[in-house]
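Reading through the structure tokens given below for one structure.
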Amino acid sequence: MNNQLYDKLIFELSHEGRQGYSLPDAAVEFHGFGMPAGLLREKPARLPECDELTVVRHYTNMSNNNFGVDTGFYPLGSCTMKYNPKVDEVLSGVFAEVHPASPDEHVQGVLKMYRELQRALSEIAGMAEFTLNPYAGAHGELTGLMIMRRYHELRGDAGRTRVIVPDSAHGTNPASAAVAGLEVVVVKSREDGTVDVEALKPLLDNTIAGMMMTNPNTLGIFEHNIKEIASLVHAAGGLMYYDGANLNPLLGRCRPGDLGFDIMHINLHKTFSTPHGGGGPGAGPVGVRAGLENLLPSPRVIFDEKAGIYRRARTAETMGNVTGGAGNVGVLVRALAYILTLGREHIKSVGPLATLNANYIKERLKDVYELPLEGVCKHEFVFDGLKDKSTGVTTLNVAKRLLDYGFHAPTIYFPLLFHEAMMIEPTESESLETLDAFIDAMRRIAAEALSDPEMVKTAPHATPVCRPDDTAAALKQEVTLDLIKQA
Ligand SMILES: *Cc1c(COP(=O)(O)O)cnc(C)c1O
């Protein structure tokens with residue numbers, strides 16, 4: 001129900017002299033605040049001139065063109081697009097005005113909240129201590145790997161410059177390792193999708209800093225050899241890093257610390273009530289086992305027993321700073337609110353329900369979609385396209401056609417282990433009715449792929465924007481650039 005008038009660019013809606021507000025003349029005259037004369041504008045910027053109602057309609061219409069968790073089912077694998085309770089949002093807003101540079105004495109409540117969240121995450125993950133500083137999952141990985149490097153450095157074991165990563169790993173793992181100055185060694189998976197322990201053994205020597213793993217892995221499969229893998233890596237002098245971006249299926253049931261991991265991160269913007277997607281803000285807290293606490297980044301939020309206050313502190317052994325402040329407060333409040341509203345009792349239901357929902361969809365679709373790995377999955381699973389590929393309908397086509405049925409597409413063409421990968425993660429928060437409606441749409445598309453393949457290949461047909469040229473959209477941005485140049 002979009003009004004095409006407001007579908008234009010905001011610059012096209014501009015009329016000279018139109019205003020939303022009349023601001024009083026500035027009380028202080030502008031003298032450039034000491035900025036070099038050559039950098040000052042000669043004439044005012046050309047900004048769109050619009051009345052307030054036009055602006056409100058423009059942005060509201062634009063937001064209606066978007067798909068989000070609040071508009072429909074969003075089974076994007078590896079992303080945990082679950083419901084984020086609105087009460088957490090309200091609580092988060094309370095802290096919007098806190099300045100990161102406020103003195104500790106002025107923000108005791110906030111620092112106490114940080115301590116409580118550090119304690120709660122440590123208990124959930126089976127770690128000794130957490131830092132809440134990092135802003136994202138990949139940022140957490142980098143922080144964790146720098147802790148790993150610092151650990152070896154402090155022991156005088158500087159020759160450990162390589163890190164082992166399974167071939168099923170999320171792309172951020174090898175990228176973070178490279179940024180941390182570590183060389184990546186890939187270990188391959190077996191037929192069943194888990195790490196090949198025999199292939200791992202010959203890789204372990206005194207150049208290995210550690211190993212990064214996700215469990216359940218990116219295929220949604222639990223690495224049942226994890227204890228053996230951890231003891232092999234430890235025996236070789238390395239540390240185990242857990243990519244806990246997808247902690248959802250383990251919540252309250254299984255703790256990475258008990259599986260033998262030494263360092264880990266969690267994506268609060270997946271599992272703990274911050275909307276994921278759209279580029280942030282997020283948080284990727286990093287946890288460590290006992291003995292590594294002092295290596296955590298600065299500042300560390302601690303309770304100073306002597307002074308009786310919460311403080312942001314720095315240790316001598318710290319790996320350094322990874323942020324300007326102590327973490328994204330709004331995201332952290334949501335996480336603590338989420339944990340406290342579920343409590344010890346109900347947090348245990350999250351993983352089993354997420355797992356049940358994923359298996360329900362998998363079992364009800366596997367006769368029409370290709371299931372490369374049989375068996376019980378955890379929170380997500382991967383199809384390798386349609387079972388009957390004779391009409392040439394691809395995973396991309398199915399993904400686009402799903403939009404016509406009002407569903408967001410699953411993650412597609414990832415992981416790279418299968419050509420037509422389609423990775424589905426329903427999460428625990430969806431009702432049986434929603435799952436059934438999604439299954440119904442997927443089955444109808446499988447039937448359409450045989451009866452009317454052209455229609456599926458040219459989908460979507462019912463969205464505000466149908467088939468943009470993906471490559472051109474990324475590479476040719478003249479429309480906006482021209483307007484910016486004019487401004
Ligand atoms: C999402 C994800 C990441 C990266 O998290 P960002 O916050 O996007 O940096 C890392 N590993 C896995 C397994 C993930 O699913």
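Order of listing sets the numbers, starting from 1, for every ligand and every atom in it. Note that the coordinates shown come from a computational prediction; the quantities given were computed from them, not determined experimentally. Computed from heavy atoms alone, side chains included, the values below leave out hydrogens, waters and symmetry copies.
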So for Glu141 against ligand 1, with non-hydrogen atoms under 4.0 Å, the contacting part is side chain
Only counting residues at least two apart or in another chain, list the ones meeting ring pair (Phe, Tyr, Trp, His ring centres under 6.0 Å) with Tyr310. Phe303
For ligand 1, note which part of Ala136 has a heavy atom under 4.0 Å away: side chain, backbone, both or neither. both
Let's go through His419 and Tyr413 carefully: what are the C-alpha distance in whole Å and the side-chain angles of both, what is the deciding distance for side-chain hydrogen bond (donor to acceptor under 3.5 Å, both in side chains) to 0.1 Å, and is it a yes or a no? CA-CA 7 Å; His419 288 303; Tyr413 300 109; over 6 Å; no
Nearest non-hydrogen protein atom to atom 6 (P) of ligand 1, with distance, is Gly137 N, 3.5 Å
Would you say Asp243 contacts ligand 1, with heavy atoms under 4.0 Å as the rule? yes
Below a 4.0 angstrom heavy-atom separation, can you tell me which part of Asn246, side chain or backbone, both or neither, approaches ligand 1? side chain
May I ask you to decide whether Arg115 forms a salt bridge with Glu129, counting only side-chain N to carboxylate O separations under 4.0 Å? yes
Please list the nearest protein heavy atom to atom 5 (O) of ligand 1 with its residue and the distance rounded to 0.1 Å. Asn267 ND2, 3.0 Å
Tell me yes or no: between the side chains of Asn133 and Tyr114, is some donor less than 3.5 Å from an acceptor? no
For atom 15 (O) of ligand 1, is some protein heavy-atom partner under 4.0 Å away? yes
Verify the distance criterion only: is there a donor paired with an acceptor across the side chains of Tyr338 and Arg334 at less than 3.5 Å? no
Under 4.0 Å between a Lys/Arg side-chain N and an Asp/Glu carboxylate O for Arg160 and Asp157? yes
In ligand 1, which numbered atoms sit nearer than 4.0 Å to a non-hydrogen atom of Ala245? 2 (C), 3 (C), 10 (C), 11 (N), 12 (C), 13 (C), 14 (C), 15 (O)
Residue and atom name of the nearest protein heavy atom (relative to atom 9 (O) of ligand 1), distance in Å to one decimal: Ala138 N, 2.8 Å
